[in-house]
Asker: 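Can you keep this structure in mind? I'll have questions shortly.
FYI, side chains are in, hydrogens and waters are out, and symmetry mates aren't considered; it's all heavy atoms of this structure.
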Amino acid sequence: MSARVRRVAGCWGWRRALALALVLAVLGGVIALGARRAAVTADARDRLAVILRAQVGERSTALTGTEDRVGRLRSQLAVTREQRRRAQRDQARAVADVAALGPMTGSAAVTGPGVRIIVNDRLAGGSGAADPRVSASGTPRPHQTGPTAASGAPAPGRIQDHDLADLVNVLWISGAEAIAINGVRLTALSAIRAAGDIVLINFVPVLAPYSVEAVGDPLRLVRRVEQSAVVDRLRHRPGSPVTSLTASIAASLTLPAAPSPVLRHARRSGS
């Protein structure tokens with residue numbers, strides 16, 4: 001082999017060695033960079049895993065607290081629903097009690113057989129009307145004048161408030177279930193009073209002729225009324241203002257409900 005050939009062969013060998021060295025160097029750099037990146041990624045992955053585990057722990061604690069709160073709320077809801085059911089049952093019983101006691105307390109209208117008592121006095125004008133404060137002609141009844149009215153005392157020819165109260169007591173004792181005078185319903189809180197020569201039923205003025213209606217056993221009521229000393233006194237006592245007193249059986253009476261009372265002095269217990 002000539003010297004030129006050897007020089008060419010040596011040159012190619014050197015170049016091949018240089019290229020191989022460069023390739024090895026690049027490959028080493030790539031491997032080093034990959035290793036570095038892998039190390040950085042592993043560290044980031046570890047940090048991310050720590051963060052995620054912390055978040056999972058926090059979320060698990062929050063979820064447990066929420067589940068406990070939901071459980072408590074469900075228990076409270078169940079208790080509230082049971083209380084509501086009891087309240088509804090109590091309300092239903094109260095409504096039934098009110099409906100049952102309504103006729104006796106006067107808070108409900110009453111219809112049934114009974115007795116009608118018509119009482120008239122010497123000073124009554126007209127034959128009566130639906131409105132106890134007007135005469136049969138529909139005009140307001142004139143106020144009685146004279147010395148008796150001026151003094152504020154009831155006129156001697158008029159039926160007194162205690163006369164009507166005695167008659168009402170006879171009906172209650174005889175078993176009346178509901179009573180009204182001239183359409184004004186009586187209750188346990190009712191008052192029969194006098195204001196001058198006017199009789200007030202629950203502060204409503206009523207004038208003769210007085211129509212006293214009572215629902216109950218008609219035969220018993222009529223019999224007890226006719227046998228009562230009150231009726232005998234009103235009919236036969238000397239100077240009685242009553243000109244007529246009739247008690248008759250009524251096949252059907254309808255007594256209106258009394259207005260709801262206004263309790264002005266009721267206070268909460270403990271106040």
Side-chain angles (χ1 to χ4, degrees), residues 62-117 130-133 161-162 164-193 195 199-206 210-225 249-271:
L63 179 61
T64 301
T66 302
E67 289 177 346
D68 294 340
R69 184 167 179 269
V70 169
R72 291 193 300 271
L73 291 176
R74 285 177 177 172
S75 300
Q76 294 176 1
L77 180 61
V79 172
T80 302
R81 286 176 175 174
E82 181 59 27
Q83 291 175 347
R84 180 182 178 185
R85 284 192 291 268
R86 288 199 299 267
Q88 289 175 341
R89 291 195 296 267
D90 294 341
Q91 181 183 10
R93 285 195 296 268
V95 170
D97 292 341
V98 169
L101 297 175
M104 291 183 289
T105 59
S107 62
V110 175
T111 299
V115 62
R116 179 182 290 110
I117 303 173
D131 188 342
R133 290 161 290 186
D161 54 336
H162 60 80
L164 290 177
D166 292 342
L167 187 57
V168 167
N169 288 333
V170 169
L171 292 171
W172 286 130
I173 295 172
S174 301
E177 300 174 5
I179 302 175
I181 299 178
N182 286 25
V184 181
R185 182 73 174 275
L186 299 180
T187 69
L189 301 177
S190 296
I192 302 177
R193 299 175 180 174
V199 175
L200 302 178
I201 309 294
N202 296 334
F203 301 104
V204 177
V206 294
Y210 301 105
S211 175
V212 183
E213 297 177 328
V215 172
D217 184 346
L219 297 177
R220 174 183 173 86
L221 292 176
V222 169
R223 184 176 67 253
R224 294 291 297 271
V225 166
I249 293 176
S252 179
L253 294 172
T254 298
L255 307 186
S260 299
V262 178
L263 303 179
R264 301 182 183 277
H265 302 288
R267 293 184 299 176
R268 182 176 301 185
S269 176
S271 61

Asker: Applying salt bridge (charged side-chain N to carboxylate O under 4.0 Å, His left out) as the test, list every pair that has at least one member in residues 181-192; sequence neighbours left out.
Answerer: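 Sorted result for residues 181-192: empty, none.
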Asker: Is there side-chain contact between Leu167 and Tyr210, with heavy atoms separated by less than 4.5 Å?
Answerer: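 No, their side chains stay 4.5 Å or more apart.
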Asker: Work out which heavy atom in Gly106 is nearest to a heavy atom in Thr187; give both atom names and the distance.
Answerer: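 Closest pair (atom of Gly106, atom of Thr187, distance): CA-CG2, 3.9 Å.
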Asker: Test: side chain to side chain donor-acceptor pair (under 3.5 Å). Region: residues 91-100. Which pairs qualify, not counting sequence neighbours?
Answerer: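 Passing the test, one end in residues 91-100: Asp90-Arg93.
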Asker: Report the residues that fulfil side-chain contact (heavy atoms from CB on, under 4.5 Å) with Thr111, sequence neighbours left out, ordered by chain and then residue number.
Answerer: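 side-chain contact (heavy atoms from CB on, under 4.5 Å) list for Thr111, sorted by chain: Ser252, Thr254.
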Asker: How close do Pro256 and Gly183 get, heavy atom to heavy atom, and via which atoms?
Answerer: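 Heavy atoms only, the tightest pair is CG-O, 3.3 Å.
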Asker: Please say which of Val215, Leu221, Leu253, Val212 ends up in a side chain to side chain contact (heavy atoms under 4.5 Å, CB included) with Val115.
Answerer: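 That would be Leu221; it is the only one of Val215, Leu221, Leu253, Val212 passing the side chain to side chain contact (heavy atoms under 4.5 Å, CB included) with Val115.
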Asker: With sequence neighbours excluded, tell me which residues meet side chain to side chain donor-acceptor pair (under 3.5 Å) with Ser174.
Answerer: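 Expected list: none.
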Asker: Would you compute the distance between atom CD1 of Ile201 and atom CG of Leu164 and round it to the nearest 0.5 angstrom?
Answerer: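 One gets 6.0 Å once the value is rounded to the nearest 0.5 Å.
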Asker: Can you list every salt bridge (charged side-chain N to carboxylate O under 4.0 Å, His left out) pair that touches residues 164-184, not counting sequence neighbours?
Answerer: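 Of all non-adjacent pairs touching residues 164-184, those that pass salt bridge (charged side-chain N to carboxylate O under 4.0 Å, His left out) are Asp166-Arg233.
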Asker: Mind checking what makes side-chain contact (heavy atoms from CB on, under 4.5 Å) contact with Val168, not counting sequence neighbours?
Answerer: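 Partners of Val168 by the side-chain contact (heavy atoms from CB on, under 4.5 Å) criterion, ordered by chain and then number, come out as Trp172, Ile179, Ile181, Leu186, Ile192.
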Asker: Drop me the distance from Leu73's CG to Leu77's CG, to the nearest 0.5 angstrom.
Answerer: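 Nearest 0.5 Å value for the CG-CG distance: 8.5 Å.
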Asker: Distance check, rounded to the nearest 0.5 Å: Asp217 atom CG versus Arg224 atom CZ?
Answerer: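 Those atoms lie 11.0 Å apart.
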Asker: Listed by chain and number, what are the side chain to side chain donor-acceptor pair (under 3.5 Å) partners of Asp161, not counting sequence neighbours?
Answerer: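 Scan of Asp161 (side chain to side chain donor-acceptor pair (under 3.5 Å), adjacent residues dropped) gives none.
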Asker: For residues 70-83, which residue pairs qualify under side chain to side chain donor-acceptor pair (under 3.5 Å), counting only residues two or more places apart or in two chains?
Answerer: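 Those involving residues 70-83 are Glu82-Arg85.
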Asker: What are the two closest non-hydrogen atoms of Asn182 and Ser211, and how far apart are they?
Answerer: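 Heavy atoms only, the tightest pair is OD1-N, 2.7 Å.
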Asker: If you take all heavy atoms of Ala257 and Ala109, which pair is closest and at what distance?
Answerer: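 Smallest heavy-atom distance, with atoms named: CB-N, 3.6 Å.
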Asker: Got a sec, which residues hit side chain to side chain donor-acceptor pair (under 3.5 Å) with Arg116, two or more places apart in sequence or on another chain?
Answerer: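 Arg116 satisfies side chain to side chain donor-acceptor pair (under 3.5 Å) with Glu213 once adjacent residues are dropped.
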